[in-house]
Visitor: 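Pasting in a structure now, in structure tokens, and then I'll have a few things to ask.
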Amino acid sequence: MPVGGVVSFILAYLSVAAVYSLLSISMNIEYGWAGIPNFGKAAFIAAGGAAAAIVAAQLGPPLLLGVKGVVPGGLGFFAKYNALLNAYAAHPAATWGVLVLSCIIGGVIAMILGVLFTFPAVRLREDYLAIALLMAAQLVWIVLRVDKQIMGGTFSMVLPSPDFTPVARLLHVPDTVVKVLFLWGLVAVFLYYSEKLMNSPFGRKLRAVRDDEIAAEALGKNVPVSRLQAMMIGSFLAGVAGAIYVLVHLASVNPDYFLPDITFMILAMVLVGGVGNNWGAIAGAMLLALMDRVGYIIGSRLATEYGMLWGGYLYYIVYGLAIIIAIAFRPQGLVPEKPVKTPAWRVYIEETGETPRFLKPIWARLRSLRARRKGKKEG
Amino acid sequence: MAEGLPLRVVDIYAGYGKLEILHGVNMYAEPGELVAIVGPNGSGKSTLLKTIMGFTSIYRGKIIIGDKDMTRTPPNKKPYHGVTYVPQVNNVFPSLSVEENLKIAGLVLRDTGKLKRKMEEVFDMFPVLRERRRQKAGTLSGGERQMLAIGRALMMEPRLMLLDEPTAALSPKVAEEVFRTIVQIAKSGITVVLVEQNAKRALEISDRGYIMVQGQVIYEGPSSEILSHPELGKLYLGLLK
Amino acid sequence: MALQFWLYSFAWGAALALMASGLALYYSVSKVANFAHGEYVSVGVIAYLILVALLHGFKNITGFNIVEPARFTVDKLPLLLPIFIIGGLVSAATFAAVFWPLMKRGSSPLQLMVVSIGLMFVLRFILYFIASAFDWLTLPTPESSVIATIGGVQVTAGILGSLLLALIATIFVAWFTRGTMIGVSMRAVADNPGLAEASGINVFLVQLVAWFIGGGLAAVGGALMFILTGPPGERPIVELGWMDLLPIFAATVLGGLGSFYGTLVASFILGLAFNEVSAILLNYGLDPSLALAVPFGVTLAVLLFMPEGLAGLNWGRLYRRLKEVFRGAGGWGS
């Protein structure tokens, strides 16, 4: 492969890995902390996608460009919409407006859907919850396909991707580099927020509900409400991530991006990386995204050059085996869960005068590790 | 006359997963003996029975039943060696009829004729079960359910019977009936290990007794000795003289 | 026309009943919400096509050439037996290789459910592999021959097969769970696995048998549903099981997760409702795929108002209540 090919592969990989990391972090809140099998994640990602489509074609033009919007699905839609896209191209600021609006609207819609879909089964066992959420996601997908006024039915609709050119020119790097940096910046924001939330009493409450429903209830925690709260936060983040996914990463939208497959891919990433650990979720997303990309390249070559059509379905075995191996051999994932960093630990440190290992900064941990190894060599 | 099996529990350390509950328990039962295990709540009495049956993880020690080492024998193989176990709760299959509950023993007996004979014996012993043979076990009263549970165990031609609090949650009158049945079973030659909350009554009917506290046996001896001991009853068993 | 529609809906319900009761059967003993159940259904479809190809000595059967030979006729009914066995073997193998080791290690129901997703993906890949080897990735559904026309109502081999097999399966399961030792043991394990073990029941073997029958029923139901619901139109062969999965779950939830008879009744109710709504949607010029809202709505309603499903209903009380209402309205009786 030529150098240019390798660089573009790495950039494309980093871009998709960032998007998957965003989604994994949101999945981790539900599955990792609250123990909710959110098999309907696709629906909440789709909410972001739908919001992006609606903002780009219908809400964005009057608000950001000052022209009339067009409703997808009608006759002559594409001609009118292409004119709009040209208008967006002339106004880089408007494309950012589309992104911000889509994130907010998508997040809110996803949050509302999350509560609606979870509510019927929130008091019941996990299997009921999983079935209800999976059905919801499937129904959302069908509605998006059938109702052509949302994202134009089964045709892919091109979206006004946020314009990175001004920044790229300033830094003298290609657009894609800025895009990747932007996406990873968002991952950092998600990570910061999620870590903060996880190490609060709220995070501890969710884990209590996950580990022992009855004990949590006996301690006065409202189990259904805790689950709904986790679903609200997770779905909001998924909606935001969905808007980013279609606007920044794909720059187009199609109902088929939101098939249940994506739910289970994200779930596999959380499982492989570390259930209940945000760094683990990111690690899982990076690892599986790499395998996915490589598998895709090999598979499509098999399909196109050797006529082995099954090559196009190689990702099924990658994710399927990842899930089975993770659960069977390392249920805690690559990076296991850590205790919650709540104020109670400060009291513990004051009382005992020693810092628990997991609270020490990473360099202190490394130093102690090196010291121990040295000690072993000498001894 | 059934021939009871001797039981030897040698220095057992056992528990659930990583949680050790029994810390070095030694006990034995001679053939045909009725042995009572008493002690306060959470002392590991029920866990000891579950360990003998094979439901817990055993870290150290030996369980010898008859002349075989059965430390690693899974629970579903034990009935074929004459060991039966009646748990404290959920000791019948609620959605199966009374007759079907007893019929499960056919697996162990492997003989339809014998199954029929045994079933008649159990019905003779507990006539109320014959009346309710077509009824689902879940609809039985507490006392009837306990009888069915003991009947189920007797169906399998046991030579060692492990009973976990058979009189818990029964009215005193029904409990007395259950105690009488247990004495009868022991008299027929079957070795019986009885775990009981009602320490006084259990020691009155048994030959020997063990007192367990916090996963260890702290006293063993003839039941009459424990009953007449000046301190033991007051300290551990809530018996007031 | 109305009668024809009712007959079709009923047969559709029967095929769904076969698939869903299979899930209910092993759910009752193993308590695993198995999302790979849809793949057992696809196994049935692929097995049917392979068996047809085998009958033709694997000559001229790749791609669309399989469609004409795969026309469903009465003399192809015996093929359902090997389909049952193939589906059963796949299902039993997945249980023995994946679920049982995890259950023995004490994995939570949540983990078992998630692992079933992984299994679903792996099985789907294997099926894609087979289907692409024969070039069967998308096919038009084969026709089902008309065997009799009674009063203008056409009875096809597919309709006959579905109704017949549902009847056979019901009778078989009724006999099996009451009349045989392993069947009674199965109900015992469903009630209380620990006590069952203490009674000398080999819990693994009992579950293995339940999974065999469950997977077999899924495969047979899948093959029949494949034949029933076509033609016209090309469909993705391997995805058929996935498409059936949600109605299957709806039927099992409505039937009261794990109850065989409840699931049976629920499937027929759903069959009628689903097809009725599809027809209405089509009448109004809407997309009939929106009819998926029926199983979804039913499931949500069941979860909200009667989580135990049909099996949890107090039928005696319902009967008495209906009788009261009837008496009050009609004014007859004392």
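A, B, ... follow the sequence lines: proteins, then strands. Residue 1 opens every chain. None of the values given here were measured: they were computed from a predicted structure.
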Visitor: Considering only heavy atoms, which portion of A:Ala268 lies under 4.5 Å from any heavy atom of chain C: side chain, backbone, both, or neither?
Guide: neither

Visitor: A:Arg123: which residues meet the salt bridge (charged side-chain N to carboxylate O under 4.0 Å, His left out) condition with it, sequence neighbours left out?
Guide: none

Visitor: Please say whether more than 12 non-hydrogen atoms of neighbouring residues, nucleotides or ligands are located less than 6.0 Å from CZ in C:Phe204.
Guide: yes

Visitor: Might you point out which heavy atoms bring A:Pro331 and C:Gln111 nearest each other, and give the distance in Å?
Guide: CB-NE2, 3.7 Å

Visitor: Which atom pair, heavy atoms only, marks the closest approach of C:Arg105 to A:Ala328?
Guide: NH1-O, 2.7 Å

Visitor: I need the C:Ile117 CD1 to A:Thr263 OG1 distance, nearest 0.5 Å.
Guide: 9.0 Å

Visitor: Within this structure, what is the CG-CZ distance for the pair A:Asp261 and C:Phe121, rounded to the nearest 0.5 Å?
Guide: 4.5 Å

Visitor: Name the option with the most non-hydrogen atom pairs under 4.5 Å to chain C; the candidates are A:Gln138, A:Met308, A:Arg145.
Guide: A:Gln138

Visitor: Quick one: which residues of residues 249-256 of chain C reach chain A at under 4.5 angstrom, heavy atoms only?
Guide: C:Phe249, C:Ala250, C:Val253

Visitor: Answer whether the closest heavy-atom distance between the side chains of A:Ile142 and C:Phe296 falls below 4.5 Å.
Guide: no

Visitor: Is it true that a side-chain atom of C:Arg124 and a backbone atom of A:Gly320 form a donor plus acceptor pair closer than 3.5 Å?
Guide: no

Visitor: Considering heavy atoms only, which positions within residues 31-45 of chain C lie below 4.5 Å of chain A?
Guide: C:Ala33, C:Phe35

Visitor: So, for A:Trp310 and C:Phe129, is the gap between ring centers shorter than 6.0 Å?
Guide: yes

Visitor: Are A:Tyr31 and C:Leu110 close enough that some pair of their side-chain heavy atoms sits under 4.5 Å apart?
Guide: yes

Visitor: For atom OH of A:Tyr296, is the number of surrounding heavy atoms from other residues, nucleotides or ligands below 6.0 Å larger than 12?
Guide: no

Visitor: Heavy-atom cut-off 4.5 Å, strictly under: side chain, backbone, both or neither for C:Leu246 against chain A?
Guide: both

Visitor: For A:Ala208, enumerate each residue passing the side-chain contact (heavy atoms from CB on, under 4.5 Å) test, keeping only those at least two apart in sequence or located in another chain.
Guide: A:Ala216

Visitor: Measure across A:Ala130 and C:Met113 and return the closest heavy-atom pair with its distance rounded to 0.1 Å.
Guide: CB-CE, 3.5 Å

Visitor: By a 4.5 Å heavy-atom criterion (distance strictly below it), what part of A:Leu271 contacts chain C: side chain, backbone, both, or neither?
Guide: side chain

Visitor: What part of A:Leu267 is in contact with chain C, defined as an atom under 4.5 angstrom from a non-hydrogen atom: side chain, backbone, both or neither?
Guide: side chain

Visitor: Does C:Ser132 reach the side chain of A:Tyr313, with side-chain heavy atoms less than 4.5 Å apart?
Guide: no

Visitor: Answer with side chain, backbone, both or neither: which region of A:Ile327 has an atom nearer than 4.5 Å to a non-hydrogen atom of chain C?
Guide: both

Visitor: Between CG of C:Leu300 and CD1 of A:Ile131, what distance do you get to the nearest 0.5 Å?
Guide: 11.5 Å

Visitor: Ignoring hydrogens, what is the shortest heavy-atom contact between A:Val146 and C:Leu290? Give both atom names and the distance.
Guide: CG1-CD1, 3.9 Å

Visitor: At what distance, to the nearest 0.5 angstrom, does CZ of A:Arg125 lie from CG of C:Leu303?
Guide: 11.0 Å

